[in-house]
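In the text below, chain A, chain B and the rest are named by the order of the sequence lines, each starting its count at 1.
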Number of protein chains: 2
Amino acid sequence: MTLKDLARELGVSTATISNAFNRPDQLSPKLREHILTEARRLGYSGPDARARSLRTGRSRIIAVILAESLTYSLNDAVSSELLSGIAEVLDTRGHTLLLLSGRQNAASVPGASSIADGFIIYGLMPSLKLFSDLPPERPLVAVDFDIEDHATVHVDNEPACYAIARHALRVPTRRPAVINLRLTEQPCNGRIDDDQALLSAERTITRARLAGFQRAFVEAGIDPAEVPMWNIEENTFEVCTPVIEEILDLPDAERPDLLLCMSDRIALTVVTLAEQRGLRIPEDLRLTGFDGIAEGQYRAPRLTTIRQDSTEKGRIAARMILGMEPAESRVMATEMMIGDTCP
Amino acid sequence: MTLKDLARELGVSTATISNAFNRPDQLSPKLREHILTEARRLGYSGPDARARSLRTGRSRIIAVILAESLTYSLNDAVSSELLSGIAEVLDTRGHTLLLLSGRQNAASVPGASSIADGFIIYGLMPSLKLFSDLPPERPLVAVDFDIEDHATVHVDNEPACYAIARHALRVPTRRPAVINLRLTEQPCNGRIDDDQALLSAERTITRARLAGFQRAFVEAGIDPAEVPMWNIEENTFEVCTPVIEEILDLPDAERPDLLLCMSDRIALTVVTLAEQRGLRIPEDLRLTGFDGIAEGQYRAPRLTTIRQDSTEKGRIAARMILGMEPAESRVMATEMMIGDTCP
DNA sequence: AGGGTGGACTGGAACGATTTAGTTAGCAGC
DNA sequence: GCTGCTAACTAAATCGTTCCAGTCCACCCT
C-alpha cells in the first residue's frame, strides 16, 4: 500500500495525499480527515521514510560514530551520559539517533551512515580515512578530540587536572603515582617503563590530563620523571583490575600513597580492591578520579574527582549539529569535587 | 556528485558503476579499479544510502524502540546491556542500530522508524497503537513483554523470584517487605496501601515477579496480604531514595528486616542508604535484588540476586530479527547468585 | 458583467540508486 | 564460415515520495 495506491483508491492526486500528511493547510479539513481515516482503514501507515528521505534529502536521523565498540560505549558511564544528552536534544526536535562504531567493520560505516543528516564523532577514530568517506556537505561535530575544519566540544582537561593534582599535593606525599587511560601508542596494560617512547601523539585528551598533573608535580617540587606511571587500556572494571592489583600488592615501602587516576572507573576499581585488602582510604591511600560519574558519588567513600558534564557535552554537540547553536570549537568548564578519597 | 554524474564523466553506464561498488564479478577487474579510483578522485563516496534503501527496500538499519526515555535507558544498566547485546550481533552482520523512544513524541516514531528493516521493542509501550503504525510486513520482536502474533524474549520471572524469596525465607524473618518496580497502574512512588486496586494489569513482568515472591510467602506460612509493599516508579538512585529513606527511617519495631527488591538498582540504593544510617547488612537487614548488574557484584556487600543475562537477551532478539534463529516465543533461564546481602 | 483574488486540488518531473532484460564482441568448436 | 556460448557492458523501468507550476472554480468587488 503506497501513497500512489491510496491516491488512486480515493480518486485524488498523490500531491493531495502527501499534503494531507505533511501540510494540513494545503487542503480542506474535510478532505484531509477523509484521507486520514481512509488511509488508516486501508492500512497505509503514512509516507515511507525511505522515499521521503530520498526526495527531501533529509532523514531526521543523526549518526553518532563512537571510537570504541558499541558494547563498551553503552556500558561506560561517560559515553552513556554523552549519548543521553544527545538523545535528549534530538528527541525534542523530532530527530532520532543512529549508533555506529568506527571500530570493527569501519567499512560498513560510510555505507550505512550516509543516510544520516549529520554526524557526531566521539573519541579519536583509529581510521582517520573514515572522515573522507562521509558525505562532505553534511555537518559534523567532533567530541573529545580535534579535527580540522570541524566544530569540536571539549572540556578543559589540562587545567582541571592541574587543579586536582595541586589539591592532592597540598598534603605531603611520599610516593605519588599516575594511572593513565589509553596513553600509549601500543596497547599496554600495566606499568609504563619507557617514559617517552610510548606516548601516543594522538591521544590528545590523555596527554592534556597528564600535562596538568605534571605541571602540578613540578610546582610541588617533584620531578615528574620520578613519578611512576601505569597505563590502562580500557575503562572497565575487568581491565583495570590486574593493573591495580599489581599496584596495591607492591611491598608497603613501594606502594604509592597517592594515585591520580584518569577516570572514575579506575578510581572506583582502586576503592574496591583497596577495601578488599583492608587498606584505609584516605589514611593509607589517597586517590582522585576524573569524570564525576554518579556511581562514584553514591556510596562512601565518595570520590574526589573532576566533574565533567558529559550530558551537557552531548546536548551541545547535538545542538550544533541541528544548527541550534553555532558550530564552533568549544571548551567546557569542569568542576572539582572534593570527596572522601582525597579530602 | 552522484552515480549518474560519475557514469557520464567516465563514459560508462550507471549500471556499471553500481556493479563496481556492489558486484565486483559483474565487470572486469581493470575497469572496476579504474572506476573506484576515479570515484575517489572526483569525490564520490559511494552509492547514496537513501536512494539505495528506497530502491532495494532494505536499509540495514534495525530500530530499537524503548518504552522509557532514551536518557533513562542509556543510563540504566539493564537496558544498556540489552542494547549492547543487540549492537554486538548487528555489528557482526553489518547492520546498524537506530534508537527510538516510544515515550515522548510517539508521533515521530512511526514516521522516522519506517526506515528500519526490523523492530525490537523493549518494555511495555504506553501507546499500544504504535504497533499498528509500524509497517506490518517487517519483522518485530518484543523483549520483556508479550504482544500477540510476534516473537518475544523473556526471562523466567516467576520461578526466579520464587526461588530467591524461598532462599531468603529459610531464615526466620519477622517483618519481610517487598519493593516493587512499576507495579501500579497510576504513578505511585511509595507505600502501596490499596492492595488490589492499584495492580497494573499490563505490567506482566512485575506481576510475575511479585507472584513468585507471594508463592514463597504462602509456602513459608506468611499471608502475602500482611506483607507491606512499596512501589518505585523509575529505576534510578534519585527516584528510589525517598522511598527507601521512608522505609529505613521507620521505627525499629516496624522496620522490615528483609527487603525483596525487584531490581539491583533498588537494592544498591538500600545498601547505600543503610550504610549511611549505620544499619548492618545482613545482620540488621537482609535484602535481595534482581538483574545481576555488574555494579552490584564489585564492592562488598555483594548483592544476593537473580542474574539475568540481558546482553544475551539482546543477542537473541537481534538474531531473531535478522532471521539467524527462529522468531518464536522464548524464555531464558536465570541464575540465583548468593551474595553477602542475604547469605 | 467583467476582472481579480485566493483557496483547493492536480500533473508530472525530479530525487539517486538497483536491476532486468537485453546487446555486443570475442572466441572456441566443428 | 557458421553456430553457440560467455564475459562485459548498457538502456530503461522502477522504487515511493515531494513539490513546483499550474488549472479550475467560486466568490467578491466595482
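Distance CZ (B:Arg58) to P (D:dC15): 17 Å, rounded to an integer number of Å. Rounding to whole angstrom units, CG of residue A:Asn19 and P of C:dA8 are separated by 12 Å. Remark: P of C:dC9 and CG of A:Asp25 are 12 Å apart, rounded to the nearest angstrom. One interatomic measurement links the two molecules: CG of B:Leu27 to P of D:dA7, which rounds to 13 Å at whole-angstrom precision. B:Ile35 places its CD1 atom 12 Å from the C1' atom of D:dT10, with the value rounded to the nearest Å. Between A:Phe21 atom CZ and D:dC19 atom C1' there is a gap of 17 Å when expressed in whole angstrom units. Rounded to whole Å, atom P of D:dT10 lies 13 Å from atom CD of B:Gln26. Between A:Arg32 atom CZ and C:dC9 atom P the separation is 13 Å, expressed in whole Å.
Using a 3.5 Å distance cut-off with no hydrogens or angles, the side chains of B:Thr152 and B:Ser329 do pair a donor with an acceptor. In summary, the side chains of B:Asp76 and B:Ser73 do not present any donor paired with an acceptor at a separation below 3.5 Å, with no hydrogens or angles considered.
In terms of the side-chain contact (heavy atoms from CB on, under 4.5 Å) criterion, residue partners of B:Asp144 (sequence neighbours excluded) are, by chain and number, B:Tyr122, B:Ile205, B:Lys313. With sequence neighbours left out, the salt bridge (Lys or Arg N to Asp or Glu O under 4.0 Å) criterion links A:Asp309 to A:Arg307. Partners of A:Asp5 under the salt bridge (Lys or Arg N to Asp or Glu O under 4.0 Å) rule, at least two apart in sequence or in another chain, are A:Arg8. Partners of B:Glu234 under the salt bridge (Lys or Arg N to Asp or Glu O under 4.0 Å) rule, at least two apart in sequence or in another chain, do not exist in this structure. A:Ala116 meets the side-chain contact (heavy atoms from CB on, under 4.5 Å) test with A:Ile61, A:Ala63, A:Phe119; sequence neighbours excluded. Remark: A:Tyr72 engages no residue in a ring-ring contact (aromatic ring centres under 6.0 Å, His included) (not counting sequence neighbours). Listed by chain and number, the residues in a salt bridge (Lys or Arg N to Asp or Glu O under 4.0 Å) with B:Arg315 are B:Glu88, B:Glu312 (sequence neighbours excluded).
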Any protein N or O atoms within reach of nucleotides 20-27 of chain D? Criterion: under 3.5 Å, listing atom names and distances.
none

Under 3.5 Å, which N/O atoms of the protein pair with N/O atoms of nucleotides 14-17 of chain C?
| residue | atom | partner | partner atom | Å |
| --- | --- | --- | --- | --- |
| C:dA14 | N3 | A:Arg55 | NH1 | 2.9 |
| C:dA17 | OP1 | B:Tyr44 | OH | 2.9 |
| C:dA17 | OP1 | B:Asp48 | N | 2.8 |
| C:dA17 | OP2 | B:Leu3 | N | 2.2 |

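Pairs engaging residues 112-121 of chain B under the salt bridge (charged side-chain N to carboxylate O under 4.0 Å, His left out) rule: A:Arg50-B:Asp117 [sequence neighbours left out].
Between C:dC9 and A:Ser13, no contact under 4.0 Å exists linking OP1 or OP2 to a side-chain N or O. Within the structure, a side-chain polar atom (N or O) of A:Thr16 is placed less than 4.0 Å from OP1 or OP2 of C:dT10.
Backbone-only engagement by A:Ser28 is indicated by non-hydrogen atom pairs under 4.0 Å involving sugar-phosphate atoms exclusively. Note on B:Ile17: nothing from the nucleic acid sits closer than 4.0 angstrom, heavy atoms only.
No donor-acceptor pair closer than 3.5 Å links the side chain of A:Ser80 to the backbone N or O of B:Asn75.
Axis angle across the helix from C:dA1-D:dT30 to C:dC30-D:dG1, with five pairs used at each end and values rounded to 10°: 40°.
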N/O donor to acceptor pairs below 3.5 angstrom from side-chain atoms of residues 15-27 of chain B, sequence neighbours left out:
| residue | atom | partner | partner atom | Å |
| --- | --- | --- | --- | --- |
| B:Thr16 | OG1 | B:Ser13 | OG | 3.2 |
| B:Ser18 | OG | B:Asn22 | ND2 | 3.4 |
| B:Asn19 | ND2 | B:Ala15 | O | 3.3 |
| B:Asn22 | ND2 | B:Ser18 | O | 3.2 |

